[in-house]
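Inspection log for the structure reproduced underneath, given as structure tokens.
To find a chain, count down the sequence lines: A is the first, B the second, and so on, and within it residues start at 1. Any value given below was found using the heavy atoms of this structure, including those in side chains, with hydrogens, waters and symmetry copies removed. Computed from a predicted structure; not experimentally measured.
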Amino acid sequence: MENSTSLCSPRMLKGFRDTFTQEYLARRWLVNNVQKVYERYGFAPIETPALEYVDVLGKYLPECDTAEEGIFSFRDLDREWIALRYDLTAALARLVALYPELPKPFRRYQLGLVWRDEKPGLARFREFYQLDIDTVGCASMQADAEVCAVICDALTSLGFVVGEYQVKVSNRKILNGVLEKAGIDSLDSKGNLTEIGLTALRAIDKLDRIGLRGVMELLGPGRKDESGDFTKGAGLNSDQIIWIEKFLQIQAKSREQFCKELDALVGSTVIGKQGIDELLQIDQFLSAVGYTNSQVVFDPTIVRGLSYYTGPVFETVLTIPYHDEHGNERHFGSIFSGGRYDGLVERFLGYKVPATGASIGVDRLLEAMKCLGRINMPKATAQVLITSMDSQLMPEYQKLAFELRRAGICTELFMEKAGLKKQLKYADQWDIPLAIIVGSNEVSQHKVTIKDLRKGRELASEIKDRDEWRRSQPAQVIVDREALISTVQQMLAN
RNA sequence: GCAGCCGUAGCUCAGUUGUUGGUCUAGAGCGCCUGACUGUGGAUCAGGAGGUCAUGGGUUCGACCCCCAUCGGCUGUACCA
């Protein structure tokens, strides 16, 4: 035996996962459904590399000659800084800039792994899938409204009904209007967010976690959480905070009503007015095609990722709660988010290219659906296991297997030497629904035995006498060899 | 990054407790393997395999238990383009 200290430990990077069949099939089902919805709107699939130059991703720090934290980066043979992509949007901007001849609007969707070198947590990984949809080169609010509609349709295709999800929409221009109204310089001369504006937006973004009072503390001097940690605030005065509080507390029965309330608050600022107009246009489209206020709602507390959004922002939540291991009621985080980013391509081309889109957190949504019992996938693809208890009969088993496969039935043949008991247990462990048993008895009578393991499992609770149970075998049938395929098809069907 | 809690079998954990470190060559449940059942999974019963008590050092006659360090995990918080 090797000394155990000389063995290599099969360890794995934290925040990375192996995906087994059950989860793989569930993800494939989810992705297929959503992609079909995307295509129904005329979006087309593309793919881009996993690696990009760090400066293209916008993450190069020239003064340090290194990449920003939070991304996986390294140098290649040419000593160039490159990195694994942390989202799909940066690559889309690069793509649009690299192929200016692409007819606009350019409407694409993309499924891909992205990587972030951050602290992993509950349903937070360092490698995960995103499934993005974007329209590039269309400034109309109809494109933004369409994104909301796509989100609703995608969730519908996964079995969610109205009332189980909510697309929350706000607009960065409104937030800027509120800050302006409160006398906060949120934008500098180039239109970028200032430090104080950034801190204020971060505070607002935390509303769902720390509550209104927590947000107010963060807007003012700062906040101490229950662990005793202190977070420095934005240092706003109470008059300024009241403006923001008024804004956050807007509640309206409808999107239109929300815009009215908003108008009273920030309609007097140019940027705020613009933001309200944009929301009204989105409402117009959505209302015209029947997306109700319970599906898409205007919500002042939505902020989204801090830098590149320039207009409407979206965030989708599941309104169904779930219960954690302690029995506490909890809610899933945002599963489908995005917004308008008219400035992203400007970095490459020198002029603005309007763009809007959204991204599904595939793994997070999958996790939620698993929690809710909305996805149930088998552990294996085989529907039938042909047991082999007599090696002399192997040619016959092979024939059975190929007949079933030619009929389109996923079939596995047990090839190892093992007792029937072990083989049936194997089928049971992998959730294979049917087992075929053929021994000398069956061969001499030109029959096959087909055992329904799912049905057997159900009936097992009624077992009283084992011998009796074994003699009667209620979950299996013996049929003519010729009737194999039709019987299997019939048994799989119900 | 900061703070708190934790690390004993494949998994979930017991054992360490305010007068104490010796009973531990360390247990349970689940899972796994074998058999009762020479051709039948899930029930029942019997048996079996599986642990350098995270790692390294220290205190001690003696450490799973006390002290220090390291590593790993969980939770909260910060950051998250």
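The salt bridge (charged side-chain N to carboxylate O under 4.0 Å, His left out) test with A:E278 is passed by exactly one of A:R172, A:K173, A:R340: A:K173. Applying salt bridge (charged side-chain N to carboxylate O under 4.0 Å, His left out) to A:E118 and the options A:R126, A:K14, A:R124 leaves one that passes, A:R124.
Between the side chain of A:K119 and the base of B:G73, no donor-acceptor pair of N or O atoms lies under 3.5 Å.
Using a distance-only test at 3.5 Å, with no hydrogens or angles considered, no donor-acceptor pair links the side chain of A:Q130 to the main chain of A:S359. Distance alone, capped at 3.5 Å, places no donor-acceptor pair between the A:D299 side chain and the A:V169 backbone.
Taking a centre distance below 5.5 Å and an interplanar angle below 30 degrees as the stacking criterion, A:Y308 does not stack against the six-membered base ring of B:A81.
Ring centers of A:Y109 and A:Y38: under 6.0 Å apart, within the cut-off.
Separating the CZ atom of A:R209 from the C1' atom of B:G76 is a distance of 10 Å, rounded to the nearest angstrom. We find that OH of A:Y86 is positioned 18 Å from P of B:C79, with the value rounded to whole Å. For A:D117 and B:A81, the CG to P distance is 15 Å, given to the nearest whole Å. In this structure, A:E69 atom CD and B:A81 atom C1' are separated by 13 Å, rounded to whole Å. Whole-Å rounding puts the A:L344 CG to B:A81 C1' distance at 10 Å. Atoms CZ (A:R223) and C1' (B:U77) sit 9 Å apart, rounded to a whole Å. A:R126 has its CZ atom 18 Å from the P atom of B:A81, to the nearest Å. One can place CD of A:E118 at 8 Å from C1' of B:C79, the figure rounded to the nearest angstrom.
With a 6.0 Å cutoff to the six-membered ring centre and a 45° limit on the axis angle, A:R116 does not count as a cation-pi contact of A:Y86. Note that A:R17 lies in the cation-pi zone of A:F125, set by a 6.0 Å cut-off to the ring centre and a 45° limit from the axis.
Using a 4.0 Å heavy-atom criterion, one finds that A:G58 contacts no nucleic acid atom at all. Residue-level contact check: A:K206 touches the backbone only, with heavy atoms under 4.0 Å from sugar-phosphate atoms and none from bases. Note on A:R124: a base of the nucleic acid sits closer than 4.0 angstrom, heavy atoms only. Within the 4.0 angstrom heavy-atom criterion, only backbone atoms of the sugar-phosphate kind lie near A:K14; the bases stay farther away. Looking at heavy-atom distances under 4.0 Å, A:L57 makes no contact with the nucleic acid at all.
Contact annotation: A:R202 reaches the phosphate of B:C80 (side-chain N/O to OP1 or OP2, under 4.0 Å).
Comparing the P positions of B:A28 and B:G35 gives a spacing of 23 Å, expressed to the nearest Å. Annotation: B:U25 and B:U20 have their C1' atoms spaced 24 Å apart (nearest Å). For the C1' atoms, the distance from B:C64 to B:G15 is 9 Å, rounded to whole Å. Between B:U59 and B:C68, the two C1' atoms lie 11 Å apart (nearest whole Å). Nucleotides B:A26 and B:C71, compared at atom C1', are 24 Å apart to the nearest Å. Nucleotides B:G4 and B:A63 place their C1' atoms 27 Å apart, quoted to the nearest Å. B:C37 and B:C53 have their P atoms separated by 41 Å, given to the nearest Å. Nucleotides B:C45 and B:G50 have their C1' atoms positioned 22 Å apart, rounded to a whole Å.
Put simply, the side chain of A:D134 reaches to within 4.5 Å of the side chain of A:Y341, judged on heavy atoms.
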Sugar-phosphate or base contact per nucleotide [nucleotides 34-41 of chain B; S, B, -; heavy atom under 4.0 Å]: ---B-BBB
RNA chain B base-pair string [pairs: Watson-Crick or G-U under 3.5 Å; |: paired with another strand]: (((((((..((((........[....)))).(((((.......))))).....(((((..]....))))))))))))....
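Classification of A:K422 and A:E416 as a salt-bridged pair fails, no side-chain N sitting under 4.0 Å from a carboxylate O. Comment: A:E403 engages A:R481 in a salt bridge, judged by a side-chain N to carboxylate O separation of less than 4.0 angstrom.
A search for side chain to side chain donor-acceptor pair (under 3.5 Å) contacts involving A:E52 returns A:R94, not counting sequence neighbours.
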